[in-house]
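Below: one structure, written as structure tokens.
Note: hydrogens, waters and symmetry copies are ignored here, and every other heavy atom, side chains too, is used. Whatever order the structure lists them in is the order used to number ligands and atoms, beginning at 1.
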Amino acid sequence: MNNWQELEHKYYMPTFDRIPVTLVKGQGAKVWDDNGKEYLDFVTGIAVNSLGHCHPAVVNAVTEQVKTLIHTSNIFYTIPQLKLAELLVKHSCMDKVFFCNSGTEATEGAVKLARRYGHIHLKGAYEVITGTGSFHGRTLAMVSASGQAKFQEPYIPIPSGFVNVEYNSIEAIKAATTNITCAVMMEPIQGEGGVNLPDDDYLKKVREWCDRKGILLILDEIQTGIGRTGSLFAYEQYGVEPDIMTLAKGLASGIPIGVILAKEKASVFAQGEHGSTFGGNPVACAAGYATLKTIIDSDISLNVKLTGQYLARGLNDLKQRYNFITDIRGRGLLYAMYLNKDIAKQLVLDCLEEGLLVNKLKNNALRFMPPLIIGRDDVDKALDILDKALSDICLVQ
Ligand SMILES: *Cc1c(COP(=O)(O)O)cnc(C)c1O
């Protein structure tokens with residue numbers, strides 16, 4: 001058998017801190033490595049495999065579409081993209097969509113859209129206010145948007161037109177708003193930045209401020225959307241509606257896709273002002289439609305809430321028992337466990353050994369993102385493995 005991990009060292013640019021396992025197969029909440037060992041997946045491709053691995057609805061939709069039409073160009077009409085567009089609009093507060101291929105592309109496009117709005121309605125205003133600790137993607141402009149030095153410093157000089165201000169502070173947004181501000185962009189709950197929940201009334205205050213100033217509110221729901229936090233979109237739980245929203249990760253169960261959605265008033269791209277070769281591809285949109293339709297037509301959102309609460313209780317029980325666990329935070333099926341030492345990597349490896357995939361969010365924090373269809377039995381299994389890993393680490397510390 002090939003030594004895949006050696007091939008990676010030889011041929012792949014070393015940007016990823018990979019976990020030493022080569023995955024070859026997935027089904028539901030489980031994946032298997034190239035030795036046939038089984039794992040419970042609480043990473044799901046970073047909140048991507050919403051319906052679990054290889055869900056029949058997605059497999060069938062993609063298989064049929066691949067046999068029928070894989071790609072044309074956006075200079076033609078294609079049916080899967082229009083069906084998905086209609087479904088997204090009917091089940092959100094948005095009016096128009098534009099499909100692209102990743103989260104970064106969606107947020108980058110959202111910022112372009114906000115700049116067009118600024119040109120047309122705000123006397124050329126172009127600056128976008130974002131939060132410290134935010135993550136909006138990896139293009140040069142999106143590392144500027146993301147309020148984390150580690151993404152920006154390797155690429156200085158980074159594009160201008162963004163101002164990163166303290167997250168969860170309405171005063172910081174107010175102070176940063178000037179006559180060149182066209183939008184505020186934020187994640188309803190920060191994902192990569194640490195599963196950071198804002199105060200309950202923060203988004204409402206931001207919405208009110210944007211309305212008062214006539215600027216746009218962009219919600220990046222790439223991680224929080226598509227049921228992950230217990231409602232189809234997280235904005236529903238905060239009682240606000242954005243002017244522009246971005247989606248990607250969980251929308252197509254693993255087939256690459258991104259979406260910019262906008263209310264009518266913010267849908268200001270004119271012909272030729274934005275585009276994409278692959279965006280809205282029939283196969284990706286068929287996978288997106290199958291995923292979204294399955295979530296909407298089933299009790300998956302309820303499962304996210306109930307099983308999410310069950311997971312949270314289990315994690316909080318562990319916190320009671322291990323004094324080096326400092327915080328459990330999250331919502332729905334997106335949770336983080338904070339530790340008072342940099343032991344996240346060791347815990348990830350210990351869990352791996354016992355058959356559980358978890359994500360190192362920070363050196364001192366783990367993140368849990370099981371598929372939205374996860375059941376209590378699997379949560380129990382994961383908690384048992386985690387418990388054992390935590391108690392083992394106690395012994396060696
Ligand atoms: C993952 C993520 C992105 C970037 O998405 P990619 O598909 O990796 O480009 C942007 N914003 C948020 C909130 C994310 O979680």
Side-chain angles (χ1 to χ4, degrees), residues 13 15-18 43-50 98-114 128-148 150-152 155 162 164 167-168 183-198 203 206 217-229 233-235 237-238 242 244-261 276 278-281 284 287-288 291 329-336 359-362 365 367-369 372:
M13 295 188 193
T15 58
F16 297 106
D17 180 14
R18 297 193 201 250
V43 178
T44 58
I46 317 291
V48 165
N49 305 98
S50 323
F98 181 94
F99 290 116
C100 51
N101 309 289
S102 70
T104 303
E105 246 185 90
T107 47
E108 174 101 16
V111 167
K112 285 176 74 177
L113 188 60
V128 176
I129 298 174
T130 63
T132 49
S134 62
F135 180 71
H136 298 294
R138 297 284 197 163
T139 56
L140 281 171
M142 288 309 101
V143 301
S144 285
S146 303
Q148 299 191 58
K150 67 176 178 187
F151 297 124
Q152 302 180 343
Y155 303 106
F162 298 93
N164 309 136
Y167 176 65
N168 200 24
V184 175
M185 178 161 76
M186 63 176 54
E187 302 154 83
I189 295 169
Q190 289 188 339
E192 300 309 302
V195 187
N196 303 319
L197 283 82
L203 266 78
V206 176
L217 174 60
I218 306 171
L219 286 185
D220 176 347
E221 291 238 22
I222 288 167
Q223 191 155 151
T224 54
I226 318 298
R228 177 58 53 185
T229 63
F233 306 107
Y235 71 73
Q237 298 176 49
Y238 289 101
I244 299 174
M245 171 166 77
T246 55
L247 299 172
K249 291 196 165 82
L251 176 55
S253 291
I255 306 287
I257 195 167
V259 199
I260 312 163
L261 302 95
S276 174
F278 290 122
N281 168 281
T291 304
R329 59 171 86 150
R331 189 170 278 192
L333 283 171
L334 175 63
Y335 271 91
N359 172 240
K360 186 191 85 171
L361 178 59
K362 299 182 177 201
R367 179 170 43 166
F368 309 95
M369 301 158 282
L372 308 183

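An N or O contact shorter than 3.5 Å is missing between His136 and ligand 1 by distance. Taking distance alone, with nitrogen or oxygen atoms compared against 3.5 Å, Glu187 stays at or beyond that limit from ligand 1. Inclusion of Ile222 in the set of residues having an N or O under 3.5 Å from an N or O of ligand 1 is not warranted. For ligand 1, the polar-atom distance check finds an N/O of Asp220 within less than 3.5 Å of one of the ligand's N/O atoms.
Defined by atom type and a distance below 3.5 Å, a donor-acceptor pair is present between the side-chain atoms of Asn164 and Thr130. For the residue pair Ser253/Thr291, the side-chain donor-acceptor check at 3.5 Å is satisfied.
Using a distance-only test at 3.5 Å, with no hydrogens or angles considered, no donor-acceptor pair links the side chain of Lys249 to the main chain of Thr224. Side-chain N or O atoms of Ser276 include none that pairs as donor or acceptor with a backbone N or O of Cys100 at under 3.5 Å. In this structure, Thr107 contributes its side chain and His136 its backbone to a donor-acceptor pair below 3.5 Å.
Shown in contact with Ser102 at under 4.0 Å from a heavy atom are these atoms of ligand 1, numbered in order with element: 7 (O), 9 (O). Interface atoms of ligand 1 facing Gln223, defined by a heavy-atom separation under 4.0 Å, are 15 (O).
Of all protein heavy atoms, the one lying nearest to atom 7 (O) of ligand 1 is Gly103 N, 2.8 Å. At the top of the distance list for atom 8 (O) of ligand 1, counting protein heavy atoms only, stands Thr104 OG1, 4.4 Å. Regarding atom 2 (C) of ligand 1, its nearest protein heavy-atom neighbour is Lys249 NZ, 2.5 Å.
Pairing each heavy atom of Ala183 with each of Ile218, the nearest pair is CB-CD1, 4.0 Å.
Taken from CE in Met369 to CG in Leu361, the straight-line distance is 8.0 Å, to the nearest 0.5 Å.
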